There are 2 protein chains.
Amino acid sequence: MTVTYQYPRPNLAVDCVVFGLDEADLKILLIQRGLPPFEGKWALPGGFVQMDETLEEAAKRELKEETGIQDLYLEQLYTFGAIGRDPRERVVSVAYYALVNLRDHKLMAATDARDAAWFSTDDLPPLAFDHSEIAGIALKRLKGKVVYEPIGFELLPMKFTLTQLQQMYEKILDRPIDKRNFRKKILGMDLLQELDEVQVDVSHRAARLYKFDEKKYRKLRQRGFVFEI
Amino acid sequence: MTVTYQYPRPNLAVDCVVFGLDEADLKILLIQRGLPPFEGKWALPGGFVQMDETLEEAAKRELKEETGIQDLYLEQLYTFGAIGRDPRERVVSVAYYALVNLRDHKLMAATDARDAAWFSTDDLPPLAFDHSEIAGIALKRLKGKVVYEPIGFELLPMKFTLTQLQQMYEKILDRPIDKRNFRKKILGMDLLQELDEVQVDVSHRAARLYKFDEKKYRKLRQRGFVFEI
DNA sequence: TGACAAAGTGTTCAAAATACACTAACATAG
DNA sequence: CTATGTTAGTGTATTTTGAACACTTTGTCA
């Protein structure tokens with residue numbers, strides 16, 4: 001089963017930068033390559049685009065195949081087309097980034113990945129191809145975007161405390177935020193739904209739980225509201 | 001001269017949304033297609049990527065071939081990969097957008113374009129492929145970007161008056177701006193170099209000319225300065 | 001020289017961002 | 001049962017920024 005074209009074509013791939021968050025750090029999901037080139041090296045999950053799927057579908061498929069992760073917020077990042085970026089042949093790769101809740105998504109390495117694991121964004125191993133560059137650009141984009149779009153909620157569990165939310169922003173933006181000002185601002189946006197629940201199993205005063213209110217968000221959006229941290 | 005691959009591949013193209021500005025309007029550069037599909041229809045300049053050029057090089061080459069325009073600020077916009085976007089076969093297109101000074105760049109339709117012309121952004125004809133969507137996204141991106149990055153200067157002649165600069169922002173953002181506040185802000189940024197020249201051939205008081213000071217801009221950038229209109 | 005046309009120029013008010021520290025609630029250990 | 005430790009939760013004063021607003025100056029041209 002081969003195909004013939006009149007002119008040569010680059011091969012087209014997708015790569016995914018998946019962000020997760022735990023108590024300690026902002027993390028990126030990497031796979032260990034099971035095949036050449038760069039066999040054994042860590043890389044972003046990704047692979048070639050098939051003819052019957054969109055770019056985003058390809059990204060989701062590869063992610064599921066290689067790491068078991070599905071159901072996530074995906075956004076196109078940038079397309080990388082440098083000529084020598086793949087040593088085998090010309091490959092142009094459309095990169096996506098995604099945010100997931102680390103605890104809800106258990107990893108399962110599969111197919112052509114030997115292993116899959118989370119790495120702290122400020123302690124990434126050397127990556128295959130130009131994936132270090134891609135990861136760096138994704139991180140920059142995330143930092144830029146999180147301040148004016150409420151995307152960070154994807155990183156948290158459904159129910160979270162204001163402190164968790166604040167720490168999420170602190171970890172992504174890599175700067176301290178004043179607790180009172182943060183609460184004033186975030187509650188003032190009317191974007192969160194206050195729940196009748198508090199934390200359990202903590203050895204101190206339990207904090208109130210909140211959840212992101214999608215409906216309120218959509219209403220605000222329509223009115224041209226600008227979310228800003 | 002044909003090539004054979006083990007698996008089918010999408011064809012890879014680039015498209016360019018080139019913005020220009022005249023006294024009246026913000027404009028986009030279109031070409032009239034000289035070949036099927038959509039022969040005779042207006043479309044964004046663009047074409048297929050060759051194996052020995054990067055994506056950006058391909059965009060610049062096509063732009064030059066089809067419109068004569070060269071030496072411009074180009075930035076990647078988005079990659080379009082919907083399955084039926086080209087009726088012939090699967091084509092994935094990396095879109096770029098560019099800003100040029102309309103008066104310095106004379107158009108010359110060539111190769112597979114029948115004609116090239118500027119169209120006001122709020123009066124575009126129906127376009128071939130999904131190019132209307134691409135143009136819409138580019139315009140949105142330009143509006144979003146121009147307020148926090150000094151890219152709009154590319155649309156003006158090298159030497160310009162503060163009124164021209166203000167009108168540029170008003171046309172892009174599509175809202176009036178207060179003259180005194182605008183001047184205070186833009187001069188306060190220390191981004192412009194005041195020239196010892198004024199307008200000539202105007203039938204009223206001549207305005208002072210300024211130019212964008214690239215050096216000052218780079219210094220401010222390094223210090224993490226955020227330009228904002 | 002008078003009328004026209006755009007250039008150029010400050011102040012006031014309102015809103016938003018920032019800096020800042022203590023009390024309340026709950027869990028746990030002694 | 002009480003003292004200690006840990007995080008939750010809360011308000012005000014100050015500074016900075018954004019927004020509204022109108023008249024005088026300079027030059028051209030009839």
Side-chain angles (χ1 to χ4, degrees), chain A residues 22-24 146-148 150 156-157 159-171 173-211 220 223-229, chain B residues 22-24 143-144 146-148 150 156-157 159-171 173-211 220 223-229:
Chain A
D22 67 9
E23 294 69 34
V146 85
V147 297
Y148 66 88
L156 294 176
K159 301 172 182 183
F160 50 83
T161 68
L162 293 182
T163 300
Q164 284 176 307
L165 186 62
Q166 178 178 341
Q167 285 170 350
M168 181 268 286
Y169 281 107
E170 289 178 328
K171 282 170 198 161
L173 299 174
D174 205 23
R175 62 174 163 90
I177 299 174
D178 179 86
K179 185 160 86 163
R180 280 172 293 189
N181 293 339
F182 177 76
R183 283 167 185 240
K184 226 184 304 171
K185 195 164 204 171
I186 203 86
L187 292 175
M189 285 179 195
D190 192 32
L191 211 57
L192 300 185
Q193 185 185 340
E194 181 175 337
L195 301 175
D196 281 331
E197 288 176 73
V198 294
Q199 278 180 313
V200 290
D201 291 333
V202 285
S203 67
H204 52 77
R205 175 175 176 182
R208 165 135 321 208
L209 292 171
Y210 291 82
K211 69 177 193 185
L220 290 171
R223 295 185 214 146
F225 178 78
V226 180
F227 175 92
E228 206 162 307
I229 291 297
Chain B
D22 67 8
E23 293 68 35
K143 282 186 185 181
V146 85
V147 296
Y148 66 89
L156 295 176
K159 300 172 182 183
F160 50 83
T161 69
L162 293 182
T163 300
Q164 284 176 307
L165 185 63
Q166 178 178 342
Q167 285 170 350
M168 181 269 285
Y169 281 107
E170 289 178 328
K171 283 170 198 159
L173 299 175
D174 205 23
R175 60 174 164 88
I177 299 175
D178 179 86
K179 185 159 85 161
R180 280 172 293 188
N181 293 339
F182 177 76
R183 285 168 184 238
K184 226 184 305 171
K185 197 163 202 172
I186 202 86
L187 292 175
M189 285 179 196
D190 192 32
L191 210 58
L192 300 185
Q193 185 184 342
E194 182 177 336
L195 301 175
D196 281 331
E197 288 177 75
V198 293
Q199 278 181 313
V200 289
D201 291 331
V202 284
S203 67
H204 51 78
R205 174 176 178 183
R208 170 146 315 243
L209 291 170
Y210 291 81
K211 68 177 193 184
L220 290 171
R223 296 186 213 144
F225 179 78
V226 180
F227 176 92
E228 204 162 310
I229 291 297

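Naming convention: chains lettered A, B, ... in sequence-line order (proteins, then strands); numbering from 1 in each chain. Because the structure is a prediction, the values reported are computed rather than measured.
Applying the side chain to side chain contact (heavy atoms under 4.5 Å, CB included) criterion to B:Val198, with sequence neighbours excluded, gives B:Ala206. Remark: B:Asp174 pairs with no residue by the side chain to side chain donor-acceptor pair (under 3.5 Å) rule, at least two apart or across chains. In terms of the salt bridge (charged side-chain N to carboxylate O under 4.0 Å, His left out) criterion, residue partners of B:Glu23 (sequence neighbours excluded) are, by chain and number, B:Arg103. With sequence neighbours left out, B:Phe227 forms a ring-ring contact (aromatic ring centres under 6.0 Å, His included) with no residue at all. Considering only residues two or more places apart in sequence or on other chains, B:Lys211 meets the side chain to side chain donor-acceptor pair (under 3.5 Å) condition with none of them. Applying the side chain to side chain donor-acceptor pair (under 3.5 Å) test to A:Glu197 and every residue at least two apart in sequence or in another chain returns A:Lys159.
Mapping heavy-atom proximity under 4.0 Å, the span of DNA chain D touched by chain B runs 5' to 3' from D:dG18 to D:dC29.
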Before you tell me yes or no, could you show the steps for B:Leu156 and B:Tyr210 under side-chain contact (heavy atoms from CB on, under 4.5 Å), namely the whole-Å CA-CA distance, both residues' side-chain angles and the distance that decides it to 0.1 Å?
CA-CA 11 Å; B:Leu156 295 176; B:Tyr210 291 81; over 6 Å; no
With B for base contact, S for sugar-phosphate-only contact and - for none (protein heavy atoms under 4.0 Å), nucleotides 10-19 of chain C reads BB-----SBB
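Protein atom CZ of B:Arg208 is 11 Å distant from nucleotide atom C1' of C:dA7, rounded to whole Å. Look at CZ on B:Arg183: it is 13 Å from P on C:dA6, rounded to the nearest Å. Summarising the geometry, the separation between NE2 on B:His204 and P on C:dG2 is reported as 23 Å, rounded to the nearest angstrom.
Evaluation of the salt bridge (charged side-chain N to carboxylate O under 4.0 Å, His left out) test over residues 175-188 of chain A, restricted to residues two or more places apart or in two chains, returns none. Among residues at least two apart or in separate chains, salt bridge (charged side-chain N to carboxylate O under 4.0 Å, His left out) pairs with a member in residues 201-210 of chain B are B:Glu194-B:Arg208.
Within the 4.5 Å cutoff, the side chain of B:Ile229 has no heavy atoms near those of the B:Val146 side chain. Side-chain contact check for A:Tyr169 versus A:Val147: every heavy-atom pair is 4.5 Å or farther apart.
Using five terminal pairs a side, the axes of the helix from C:dT1-D:dA30 to C:dG30-D:dC1 at its two ends make an angle of 0°, given in steps of 10 degrees.
How far NZ of A:Lys171 is from CG of A:Asp22: 6.5 Å, rounded to the nearest 0.5 Å. Atom CZ of A:Arg223 is separated from atom CG of A:Leu220 by 6.0 Å, given to the nearest 0.5 angstrom.
Only B:Val202, listed by number, bring a heavy atom of residues 191-202 of chain B to less than 4.0 angstrom from any atom of DNA chain D.
Looking at heavy-atom distances under 4.0 Å, A:Thr163 makes contact with sugar-phosphate atoms alone, never a base.
Contact annotation: A:Ser203 side-chain N/O to C:dC26 OP1/OP2 distance is not under 4.0 Å.
For B:Arg205 against C:dA5, a side-chain-to-base donor-acceptor contact under 3.5 Å is absent.
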